[in-house]
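Take a look at the structure below.
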Amino acid sequence: MAKPRRPCFARCSRSSTTMAREDRYNVKETERKWQAAWESRQCFQASEDTSRPKYYVLEMFPYPSGRIHMGHVRNYTLGDVVARFKRAQGFNVLHPMGWDAFGLPAENAAIERGAHPGQWTYSNIDTMREQFKPMGLSIDWSREVATCRPEYYRHEQKMFLDFLKQGLAYRKESWVNWDPVDNTVLANEQVIDGRGWRTGALVERRKLSQWFLKITHYADDLLDALTGLDRWPEKVRTMQTNWIGKSEGARVQWAIAGRDGESIEVFTTRPDTLFGASFVAISAHHPLTTELAATNTALADFVAECDRMGTSEEAIETAEKKGYDTGLRVIHPLDPTWTVPVYVANFVLMDYGTGAVFGCPAHDQRDMDFARKYGLPVKAVVAPKGADADAFARDLESATEAFTDDGVAINSGDFNGLSVTDAKRAAIAKVESLGKGQGTIQFRLRDWGVSRQRYWGCPIPVIHCDECGVVPVPEDQLPVTLPEDVTFDAPGNPLARHPSWQFVKCPCCGKDARRETDTFDTFFESSWYFSRFCDPRNADSAYDRNKVDYWMPVDQYIGGVEHAVLHLLYSRFFTRALRDCGYLSASEPFAGLFTQGMICHETYKSAEGKWLDPSEIDRRDDGSLVKIDDGSTVTVGRSEKMSKSKKNVVDPNHIIDTYGADAARLFMLSDCPPDRDMDWSDAGIEGAWRYLHRLWRMAGDVASDANPADVPTDGASDAGKLVRLCHKTIADVSEDLERLRFNNAVARIRELTNAVQALKQTDAASQNAYRFGLEMVIRLLAPMTPHLSEELWAELRGADALLAETAWPTFDPALLVQDTVTLAVQVNGKLRGTLDMPKSAPQAEVEQAALAMDNVQTQIAGKTIRKVVVVPGKIVNVVAN
RNA sequence: GGGGGCGUGGCGAAACUGGUAUACGCAAGCGACUUAAAAUCGCUCGACUUCGGUCGUACGGGUUCGAGUCCCGUCGCCCCCA
């Protein structure tokens, strides 16, 4: 904000009784001190220990961009609270960190700044590690991995060779989105509005030989197993379900008129609408198209036009639907006297279904649009239940909106009167009996193309030999490492133009051969890194089977929802593939998943509508904002995701420097539920800071001889009530942390803090209770604000044990029971007062006491009591009129 | 276009299975302390009010003794798929 108020508590200490205490909490020194203590005690190093239950908590590992951002702080704070909480509960916790270190930005840096991608990446990792350290995360740094190191990716190359053996990896020619500027293949999601996501260049279609992983082999299992992932957000499961896109339908043969024995096979999810067909559309890459285009330049031109479009479904859906009439006609499978025209259409994909569809304009909007454009007939074969079939069909003939709702079949011969579902079944049976097709299941999910024409990735370990074809690199020659001496002064893949790297002898025949110069998609590395953490220094294999089976699956995985489909689905696939290759036992990598919200911040715009940096703004005394250089008015925009372009980023290290890690962590956790987007605000972080300092001051008020082991637990005295509240708070906070409701946990702890502070220390019992209460606050807060908790724990308990190594507090259920309850008393559902009653009071007594209340009497005066509802422990409702 | 989610004070948000709406915090106001400010501590803080109450969880209906919560419809915002 305009005038950053530095927290200043230098003279706020109330008492100077303890000489040893400084007059303010020294955040920086204290946080550093405890980080060093944890490190020297190796508190967070994990080792396999079958005598204790394990808990594996993992946050999605970062890309080493060179700077941490607030999203990282939130992500790793959430995971750290879970890790510390579970550790205190006695679990053997694995909480590692690594770097998703391959990828395009490193190459772009090389192009722009001349730095080598490796050097750029490793130096970024060093920088970011140092930025993470002040957060005080309880990470086992001894397990750190970087995916760009040969010690990591050599195992990935071995995995690929195993996949090849198992038939889970294969090579095929495939259409790809080609970015003509970056000279690389783009994934569908990297194509935005038909343009490359980075370059903005119009994407072209090209055919290349690519490596694929057979994710479709597991399509059914990946879909079915989603049901068992009950600790995943429903949202993510739905997204994966849609992505896999299982649909039931039929393949149907349409014989080509005038071509004996030749037919076009179409896939349809609506076999019930066969009688409404008015055309068949085939892909621009259908074999029949290719054949016809060879002698038809107009068609060839049309195919070329289709190629200029991306391959994504979005691109296809948003593009104008166009077709080319081939002049061929095909015979209706259920009526040999009926033929329809064959179009080549730009909306039919060769690699989905059969590359051909039939069009039923009456019941599919896309087909309707197509029919209107090319003057094709529209024949209704489904009508709403109860509608006049003839009238409905007549209306639809000239309509522009297709009827896609459920209904009953009309104009469909034997199927007439059947529901859509029944008609589908009948149609499939019919085409099967005629030998013209069969029912089938189709997935939207396509095999995963993993080839990338890039330098900074894991080399694909195969060799191309003119004699022997594709030859896997022998395992004893792994890893295939990247050459260091590469140049980025020309477009395209530096590996492909390296003078020597690719030229090798064929491992089979010994003749001259060439290495594969493509590298893996970087999702390859992130699909198994979580298992590598189980045994990260293993040089012989990806990991020891016993170790990986001890730790896997990850019990709690935390990250952004943007990875809901690709990363998470690839990881689920990879785990299954590795299981089938004998690597591990788990089928699912992540038993629990949590998706956090984004960090947002206010934005500022100048009078001309330009984004402004907070440093360019001043706040006037009347509260309005002006631009410093010219005094013009500044408008406060809505809070948006932090991004450089909107100039609303807050630097985490600056925050930690000013307020300390504990305050930053606490504010992140307390402001809102972790799955929601949160607003970062200076006022918020200052509030957290003030609270922590208040705790620090309260510790100075603890009587030196107070004994927390000797406290009253009665429900009558203030001290006893406080102790009971402590037990209640332990129960509530434990539950909240378990369910990742950190904002609620903080609220409960602050309530307890308020109660502790309100307790007057008048005698030994109250002094003991005060100390007991404050210690409880510190312990419950420890997973969230570990440094301050550790500091105050040491101050109160001496140096005997680190709080990081102290068990989570337990509560006495007997002290949670209230002997009196406060009942709400209502008349006709409206609150008229409350009533304190013994919990055991009989209903009749409660009813009587409620009716005796003055407020109740005035409300029911002149009315007749119809009913009295008594819900024990909750409410009394007097119904009168 | 289809699917999902959300809508509560000035603001971020609580409210377990329908049972005292607004916990906890932020901002604001008043007071104490101070030469003064900051900090700290205490109090106030949904709206209206004839001070009895009345209204109030986006809007309109419904179910129920009782609805922020369940059902139907409308509006608005967000996300995903297209």
Side-chain angles (χ1 to χ4, degrees), chain A residues 5-15 23-24 189 233-243 245 312-318 347 364-366 369 401-402 404-405 444 561-562 564-565 595 597-598 600 602 623 638-641 666-667 669-673 675-691 693-694 697-698 732 735-736 739 741-754 757-758 821-835 855 858-859 865-881:
Chain A
R5 283 184 292 164
R6 283 252 164 182
C8 173
F9 296 97
R11 278 173 284 148
C12 58
S13 172
R14 277 190 298 176
S15 72
D23 59 1
R24 62 168 291 179
E189 60 279 4
E234 188 62 49
K235 182 174 59 174
V236 174
R237 288 190 281 168
T238 308
M239 283 162 71
Q240 293 214 350
T241 303
N242 293 338
W243 190 263
S312 72
E313 289 183 37
E314 194 192 350
I316 284 157
E317 204 61 36
T318 45
F347 57 83
D364 182 287
Q365 193 55 48
R366 193 175 61 186
D369 297 344
E401 294 270 303
T404 53
D405 294 344
R444 202 186 78 107
V561 73
E562 65 272 18
V565 176
T595 53
M598 297 180 304
C600 301
E602 265 185 353
R638 63 173 211 170
S639 190
E640 299 199 54
K641 183 187 179 178
L666 184 67
F667 174 50
L669 295 163
S670 63
D671 189 56
C672 73
D675 54 339
R676 224 176 277 186
D677 289 351
M678 81 166 276
D679 273 312
W680 185 268
S681 71
D682 293 347
I685 179 80
E686 279 174 19
W689 205 96
R690 276 199 299 269
Y691 171 68
H693 202 265
R694 182 173 142 214
R697 271 183 280 110
M698 285 171 72
D732 289 348
E735 169 82 10
D736 285 336
R739 297 171 63 173
R741 299 191 313 196
F742 304 118
N743 56 323
N744 283 10
V746 173
R748 295 289 85 78
I749 294 169
R750 289 187 88 131
E751 271 176 318
L752 179 60
T753 310
N754 293 343
Q757 199 168 27
V821 286
T822 306
L823 296 166
V825 180
Q826 301 179 335
V827 177
N828 291 334
K830 289 209 169 73
L831 186 72
R832 295 300 169 192
T834 58
L835 197 56
N855 239 346
T858 50
Q859 287 297 324
I865 294 172
R866 302 293 174 190
K867 188 154 97 176
V868 180
V869 181
V870 179
V871 181
K874 291 254 163 86
I875 204 164
V876 183
N877 189 10
V878 181
V879 185
N881 60 10

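Note that the structure is predicted; figures quoted are calculated from it, not measured. All heavy atoms count here, side chains included; hydrogens, waters and symmetry mates do not. All chains are named by letter (A, B, ...) in the order of the sequence lines, taking the proteins before the strands, and each is independently numbered beginning at 1.
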Taking atom [atom1] in both [N] and [M], compute the distance separating them and give it to the nearest angstrom.
N	M	atom1	answer
B:A58	B:G9	C1'	15 Å
B:U8	B:G3	P	25 Å
B:U22	B:G73	P	32 Å
B:C24	B:A14	P	14 Å
B:G19	B:C79	C1'	34 Å
B:G42	B:A47	C1'	27 Å
B:G2	B:A15	C1'	34 Å
B:G56	B:U69	P	13 Å

Roughly, in whole Å, what's the span from [atom1] in [X] to [atom2] in [N]?
X	N	atom1	atom2	result
A:Leu823	B:U20	CG	P	11 Å
A:Arg366	B:C81	CZ	P	18 Å
A:His693	B:A39	NE2	P	13 Å
A:Trp243	B:C80	CH2	P	12 Å
A:Arg237	B:C81	CZ	C1'	18 Å
A:Trp680	B:C26	CH2	P	15 Å
A:Leu752	B:C24	CG	P	13 Å
A:Trp689	B:U40	CH2	C1'	13 Å

Heavy atoms only: give me the nearest [X]-[Y] pair and the separation to one decimal.
X	Y	value
A:Gly687	A:Arg750	O-NH2, 4.2 Å
A:Pro233	A:Thr595	CG-OG1, 4.0 Å
A:Arg697	A:Arg690	NH2-O, 4.4 Å
A:Asn855	A:Arg832	ND2-O, 2.9 Å
A:Ile875	A:Leu823	N-CD2, 3.9 Å
A:Thr753	A:Arg694	CG2-NH2, 3.9 Å

(message) Is B:G4 syn or anti, taking syn as a glycosidic angle within 90° of 0?
(response)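 Anti for B:G4; the angle lies over 90° from 0.
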(request) Quick one: classify the glycosidic conformation of B:G60 as syn or anti, with syn meaning within 90° of 0. (result)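 Judged by the O4'-C1' to base torsion, B:G60 sits in anti, the angle falling more than 90° away from 0.
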Proximity to the side chain of [X] - top-ranked nucleotide from [options]:
X	options	result
A:Arg690	B:A27, B:A82, B:C41	B:A27
A:Val879	B:C24, B:C65, B:A21	B:C65
A:Met239	B:C24, B:C80, B:C26	B:C80

(request) Return yes if some donor-acceptor pair links the side-chain N/O of A:Asn877 with the main-chain N/O of A:Val869 below 3.5 Å, else return no. (result)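 Checked: no pair found.
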(message) Keeping A:Asp677 on the side-chain end and A:Met598 on the backbone end, is there a donor-acceptor pair under 3.5 Å?
(response)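 It does hold such a pair.
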(message) At 4.0 Å (heavy atoms only), tell me whether A:Thr834 reaches a base, stays on the sugar-phosphate, or touches nothing.
(response)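 Base: the residue A:Thr834, judged by heavy atoms under 4.0 Å, touches a nucleobase.
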(request) Check every strand shown and say whether A:Ser681 touches a base, only sugar-phosphate, or nothing at a heavy-atom separation below 4.0 Å. (result)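 Counting heavy atoms under 4.0 Å across all strands, no contact is made by A:Ser681.
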(request) Select from A:Val878 and A:Gly684 the residue whose nearest nucleotide in RNA chain B is closer to the 5' end of that strand. (result)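 It is A:Gly684, whose closest nucleotide lies nearer the 5' terminus.
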Compare side-chain N and O positions of [X] against OP1 and OP2 of [N] and report whether any pair is under 4.0 Å apart.
X	N	answer
A:Lys235	B:G4	no
A:Asn754	B:G25	yes
A:Gln757	B:C41	yes

(message) Pairs counted only when both distances fall under 3.5 Å, Watson-Crick or G-U: show me the 5' to 3' dot-bracket for RNA chain B, [ ] for pseudoknotted crossings and | for other-strand partners.
(response) (((((((..(((......[....))).(((((.......))))).(((....)))..(((((..]....)))))))))))).
(message) If you define the side chain from C-beta out and look only at heavy atoms, does anything of A:Cys672 sit under 4.5 Å from A:Asn743?
(response)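 Side-chain contact under 4.5 Å: no.
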(request) Answer whether the closest heavy-atom distance between the side chains of A:Asp671 and A:Trp680 falls below 4.5 Å. (result)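 Of all side-chain heavy-atom pairs linking A:Trp680 with A:Asp671, none is under 4.5 Å.
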(message) Whether the A:Tyr691 and A:Ser670 side chains hold a donor-acceptor pair (N or O, under 3.5 Å, no angle test) is what I'd like checked.
(response)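 There is no such pair (donor and acceptor under 3.5 Å, judged by atom type) between the side chains of A:Tyr691 and A:Ser670.
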(message) Exactly one of A:Asp732, A:Asp736, A:Asp675 should register a side-chain hydrogen bond (donor to acceptor under 3.5 Å, both in side chains) with A:Arg741. Which one does?
(response)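 When side-chain hydrogen bond (donor to acceptor under 3.5 Å, both in side chains) is applied between A:Arg741 and each of A:Asp732, A:Asp736, A:Asp675, only A:Asp736 qualifies.
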(message) Walk along nucleotides 47-54 of chain B from 5' to 3' and tag each nucleotide B, S or - by protein heavy-atom contact under 4.0 Å, base first, then sugar-phosphate.
(response) ------SS
(message) Quick check: A:Trp689 with A:Phe667 (ring centres under 6.0 Å apart)?
(response)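 Ring centres of A:Trp689 and A:Phe667 not closer than 6.0 Å.
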Write out a two-atom table: protein N or O, nucleotide N or O from nucleotides 9-19 of chain B, distance below 3.5 Å.
| residue | atom | partner | partner atom | Å |
| --- | --- | --- | --- | --- |
| B:G12 | O2' | A:Asp671 | O | 3.1 |
| B:G12 | O2' | A:Asp671 | OD1 | 3.3 |
| B:G12 | O2' | A:Asp671 | OD2 | 3.0 |
| B:A14 | OP1 | A:Asn743 | ND2 | 3.2 |
| B:A15 | OP1 | A:Asn744 | ND2 | 3.1 |

(message) A:Arg237 vs A:Gln240, test: side-chain contact (heavy atoms from CB on, under 4.5 Å). Steps then yes/no.
(response) CA-CA 5 Å; A:Arg237 288 190 281 168; A:Gln240 293 214 350; 5.8 Å; no
